[in-house]
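Quick note on labels: first sequence line is chain A, next is B, and so on, each numbered from 1.
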Protein chains: 2
Amino acid sequence: MTGKKWTLKSIAAHLGVSNATVSNAFNRPDQLSKQKREEILSACHELGYFGPNKAARSLRKGTFNIVALVLPDSVEYMVSDPVASSFMRGVANVLEPQGINLLLFSGNADNVSNVVDFVDGFICYGRPRNTKLIAHLAVLNKEVVAVDFELNGQASVNINNHQAAYEVANQALRAFTDASKEANVAILGLRLLDTELICRVYDHHLPKLNTSIAHQRLAGFRQALQESNVSMSDDRTWNIPESSERWARIAAKEALNVQPRPNVLLCMSDLIALAAAREAQEQGLKVPQELKIVGFDGIDEAQLFNPAITTIHQNSEAKGQHAAELFINKQKQQVILPFELRMGQST
Amino acid sequence: MTGKKWTLKSIAAHLGVSNATVSNAFNRPDQLSKQKREEILSACHELGYFGPNKAARSLRKGTFNIVALVLPDSVEYMVSDPVASSFMRGVANVLEPQGINLLLFSGNADNVSNVVDFVDGFICYGRPRNTKLIAHLAVLNKEVVAVDFELNGQASVNINNHQAAYEVANQALRAFTDASKEANVAILGLRLLDTELICRVYDHHLPKLNTSIAHQRLAGFRQALQESNVSMSDDRTWNIPESSERWARIAAKEALNVQPRPNVLLCMSDLIALAAAREAQEQGLKVPQELKIVGFDGIDEAQLFNPAITTIHQNSEAKGQHAAELFINKQKQQVILPFELRMGQST
DNA sequence: CTGTTAGCGCTTTCAT
DNA sequence: ATGAAAGCGCTAACAG
C-alpha cells in the first residue's frame with residue numbers, strides 16, 4: 001500500500017499551496033510561518049511524502065551529500081585489509097554524523113565518469129592502481145583528498161614512510177651492530193612493481209623516480225642498512241602485489257630458501273610479516289633467535305601473535321578522520337601524521 | 001586547465017548538431033551513422049566532454065547504477081567484521097563488472113530518504129538495527145534484497161541458523177553424552193537483545209516472537225541441550241551487542257567466573273569464540289580439556305588459532321554474490337544457502 | 001509571507 | 001538520420 005507517488009508539485013496542488021511553499025517548508029523554515037510549516041510537514045508525513053526528491057534537488061543545487069571513497073584496488077581488496085578497514089572507519093565516523101554517505105569506487109577504473117556527477121568529491125585511499133584514473137582525478141573540478149600519496153596541490157594526508165621504515169629497520173638490525181654476527185637481510189615489499197606477480201625486485205626493475213609509499217619505505221630500509229654497514233645484494237628484495245596471507249606466504253617461502261638464509265626479514269606490512277613468521281615457524285626457525293622480523297602498520301592480529309611483531313604503528317583511523325575533515329572543511333592542506341615504533345618480541 | 005565546462009547542449013551547439021544527436025551518439029549508436037558517431041565522440045574527447053551528466057540522465061531515466069548496501073549498524077562496525085567484509089566482497093564482485101557502484105548506508109538511520117533518490121535499490125546485510133528504517137524499506141517502491149532476515153515477500157538470502165547452531169552445539173556436547181561428566185554450559189550470544197549493553201539474558205527478557213538469526217541460533221543451541229539432557233539455568237546466557245574482541249572479552253570474563261564454572265561455551269560468532277579462548281587460556285584453562293568452545297561463521301583467524309575453533313562455516317562471499325545476483329535479476333526469491341560444520345581442536 | 005517562473009542537463013517522442 | 005520541444009522534480013530569484 002505504497003499508493004500514489006507524490007512529487008513536490010502534486011503535494012502542493014493537493015494542499016492548495018504553491019510548490020515554493022512546500023519546498024520552503026522542507027528547506028527554509030524562515031521563509032514561512034511556523035504554523036503553516038508544521039501544517040504542511042505533518043500533512044506530507046500523513047500522505048507519505050518524505051520530502052523533495054534528492055536527485056532533482058542535487059541536479060539543481062549541484063551538491064549531493066555523497067563522497068566517493070576511491071580505493072587503491074578493487075572494492076574486494078579494500079575490505080579484506082584491516083588497515084584499509086580502519087581507515088574507512090575513520091572516514092565514516094566523521095562523515096556519517098554530517099549526513100554524508102560513502103560511495104565505494106574502485107581504483108581499477110579508467111575514470112570516474114560513472115560517479116562524478118553524483119558526488120561532491122573524492123577521498124582517495126592510496127594511489128589508485130590505474131594511472132588513467134589519477135590523470136582524470138587531477139583535471140576534475142571536484143574536491144579531492146589524497147591519502148598516502150600526493151596529487152598536484154590537492155589536500156593530502158601522509159606519514160613519513162621513509163623515516164618510519166628507517167626506524168623499524170634499525171630495530172631489526174640492532175643485534176648485528178657489533179659485527180660479531182653477520183646480518184643476512186631480505187625485504188618483502190608490497191607493490192614495489194606495477195604487476196600482479198610475486199617476483200624479485202632487481203634494481204634495474206625499479207623506476208627511476210617513484211614516490212609511492214612502497215618506494216619511500218624501501219629507501220628507509222636501505223638507509224638503515226647502509227648506516228649499519230650491512231650490505232645486501234639486489235636479488236633479495238621481493239615484490240608482493242597485495243597484502244594477503246596467501247601471497248605473502250609464497251614470497252616468504254622463496255625468501256627463506258635462498259642462500260645465505262636470511263636472519264632478518266624486513267616486511268612492508270604486518271600481514272606480510274605475520275605470514276612470514278608463520279612460514280618460518282613451520283620450517284622450524286626460531287623467531288627472533290634465528291630470524292628477526294619486522295612489519296609495518298600495527299594491526300591487532302600482529303600484536304596478539306606470538307611473538308608479537310615489531311612494527312610501525314600508524315593510526316589508520318585517525319588518518320581517515322583527518323582526510324574526512326579536510327574534505328568537509330575544503331582545506332587544501334598537506335597533513336603529515338605521526339607514527340609510532342612499536343616493539344614486539346620478533347626482534 | 002580544466003577550462004570550459006561542457007554540457008550536452010553546449011557541445012551540440014559547438015559542433016553544429018542538435019543535442020539529440022549528441023545524446024544518441026553516446027547512448028544509442030543505432031540512431032545515427034557510424035561515421036557521424038565517431039566524429040562526434042572523438043570531438044567530445046578532444047574537447048574534454050566525458051559524456052552526458054549522469055545525475056541529469058538519472059533524473060530523466062530513473063535509473064542510477066548505484067545500489068545502497070544497508071549495514072546492520074554503523075559503517076564503522078561493518079568494516080571491522082571479517083564476515084561482513086567477505087559479504088561485501090561477494091557483492092562487489094558481482095556488481096563491479098556491471099558498472100554498478102556501492103553506496104554504504106548505516107542501519108542506524110531512521111529512513112533512507114537521504115539516498116533513496118540516488119539508488120536503484122537496497123541490499124540489506126542483516127536486519128537493520130533501527131526498526132523505523134525497516135518499516136521505511138518495506139513501503140518503498142524500490143527493489144530490496146534482505147540477507148540474514150526476511151522482509152515481507154522481498155528477495156532474501158539466508159542459511160538455516162537453527163539447524164547450524166544445533167549441529168555445532170552437538171559437537172561441543174559430544175563428550176558429555178555418556179553422563180560420566182556433567183556439562184556446565186554458558187552461551188555467549190550476539191545481539192540477542194536490542195541494547196548496547198553486555199548483560200545476561202534472562203528468559204523474561206527475550207521477546208516472545210523474534211526471528212532474528214541470534215534467536216534462531218539460540219533455539220538451535222537449546223534444542224541440542226535438551227536432546228542431550230543437559231540443563232542450563234537461564235542466568236547463563238550473555239548478550240554481546242557487537243562482535244568485537246573487546247566486548248567479547250568482558251562477557252567471557254563474566255561467564256568464566258560463575259559457579260559452577262562452565263566447561264562448555266557456545267558462542268554466536270568466531271570473533272567471540274576467539275576472545276573467549278584467549279581469556280580462558282590467560283586464566284590457565286586448557287581448551288578443550290577443561291573448556292570446550294564453539295564459534296560460528298568460519299573466519300580464517302579462528303582456523304589459524306591454536307586450538308582451531310570448531311565452528312559453522314558459512315560462505316559469506318557466496319552470500320554476497322547471491323544477494324547481488326538476485327538484485328540484478330530482479331528475482332523475488334527466498335534463497336537458503338548451505339553451511340558446513342567445521343571441526344577444530346577446541347571441542 | 002506566498003506564488004510564478006526559469007532553468008539544472010538530460011532523454012525521448014514526434015515530426016521532418 | 002536529424003531537429004524541436006516537452007518534461008524528469010526541484011530550487012531560487014523575483015514579483016506581489
Side-chain angles (χ1 to χ4, degrees), chain A residues 4-41 43-44 47-66 113-120 141-142, chain B residues 4-41 43-44 47-66 113-120 141-142:
Chain A
K4 190 176 161 73
K5 197 175 151 240
W6 293 104
T7 70
L8 183 138
K9 214 166 171 177
S10 70
I11 274 280
H14 186 87
L15 298 180
V17 298
S18 90
N19 31 14
T21 307
V22 178
S23 173
N24 285 333
F26 279 99
N27 302 319
R28 302 173 19 173
D30 51 314
Q31 297 293 299
L32 72 175
S33 69
K34 190 159 193 153
Q35 193 202 334
K36 187 125 211 163
R37 176 158 189 263
E38 312 251 294
E39 221 174 284
I40 293 179
L41 256 31
C44 287
L47 293 165
Y49 176 68
F50 296 104
N53 180 297
K54 296 296 189 301
R57 139 191 293 201
S58 288
L59 179 60
R60 183 63 227 253
K61 305 223 309 177
T63 65
F64 298 85
N65 288 328
I66 298 179
S113 300
N114 280 337
V115 301
V116 66
D117 299 320
F118 290 112
V119 303
D120 296 317
N141 280 320
K142 296 261 182 175
Chain B
K4 192 177 159 73
K5 199 175 148 238
W6 293 104
T7 70
L8 184 139
K9 215 167 171 176
S10 70
I11 274 280
H14 186 88
L15 299 180
V17 299
S18 89
N19 31 14
T21 307
V22 178
S23 173
N24 285 333
F26 279 99
N27 303 317
R28 302 173 19 173
D30 50 315
Q31 297 294 301
L32 73 177
S33 69
K34 190 161 194 152
Q35 192 202 335
K36 188 126 209 162
R37 174 158 190 265
E38 311 251 295
E39 223 172 281
I40 293 180
L41 256 32
C44 287
L47 293 165
Y49 176 69
F50 297 105
N53 181 298
K54 298 294 191 300
R57 138 190 295 201
S58 288
L59 179 59
R60 183 61 226 255
K61 304 221 311 178
T63 66
F64 299 83
N65 287 329
I66 297 179
S113 299
N114 280 337
V115 301
V116 66
D117 298 320
F118 290 112
V119 302
D120 296 318
N141 278 321
K142 296 261 181 174

Short side-chain N/O contact to D:dT2 OP1/OP2 from B:S18, under 4.0 Å: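 For D:dT2, neither OP1 nor OP2 has a side-chain N or O of B:S18 closer than 4.0 Å.
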So, is B:S58 close to the D:dC8 phosphate, meaning a side-chain N or O under 4.0 Å from OP1 or OP2? no
With the side chain counted from C-beta on, respond yes when [X] and [Y] share a heavy-atom pair under 4.5 Å apart, and no when they do not.
X     : Y     : result
B:T21 : B:I40 : yes
A:V17 : A:K36 : yes
A:N27 : A:R57 : yes
B:T7  : B:Y49 : no

Could you state the atom-to-atom distance from CG of B:L32 to C1' of D:dG3 in whole Å?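 Answer to the nearest Å: 13 Å.
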Can you tell me the distance, in whole Å, between the CD1 atom of B:I11 and the C1' atom of C:dC10? 14 Å
Roughly how far, to the nearest 0.5 Å, is the CG atom of A:L8 from the OG atom of A:S23? 5.5 Å
In this structure, CG of A:L15 is separated from CG of A:L47 (nearest 0.5 Å) by 6.5 Å
Heavy-atom contacts, protein to nucleotides 9-16 of chain D, under 4.0 Å, summarised as B (base), S (sugar-phosphate only) or - (none) per nt, yield BBBB----
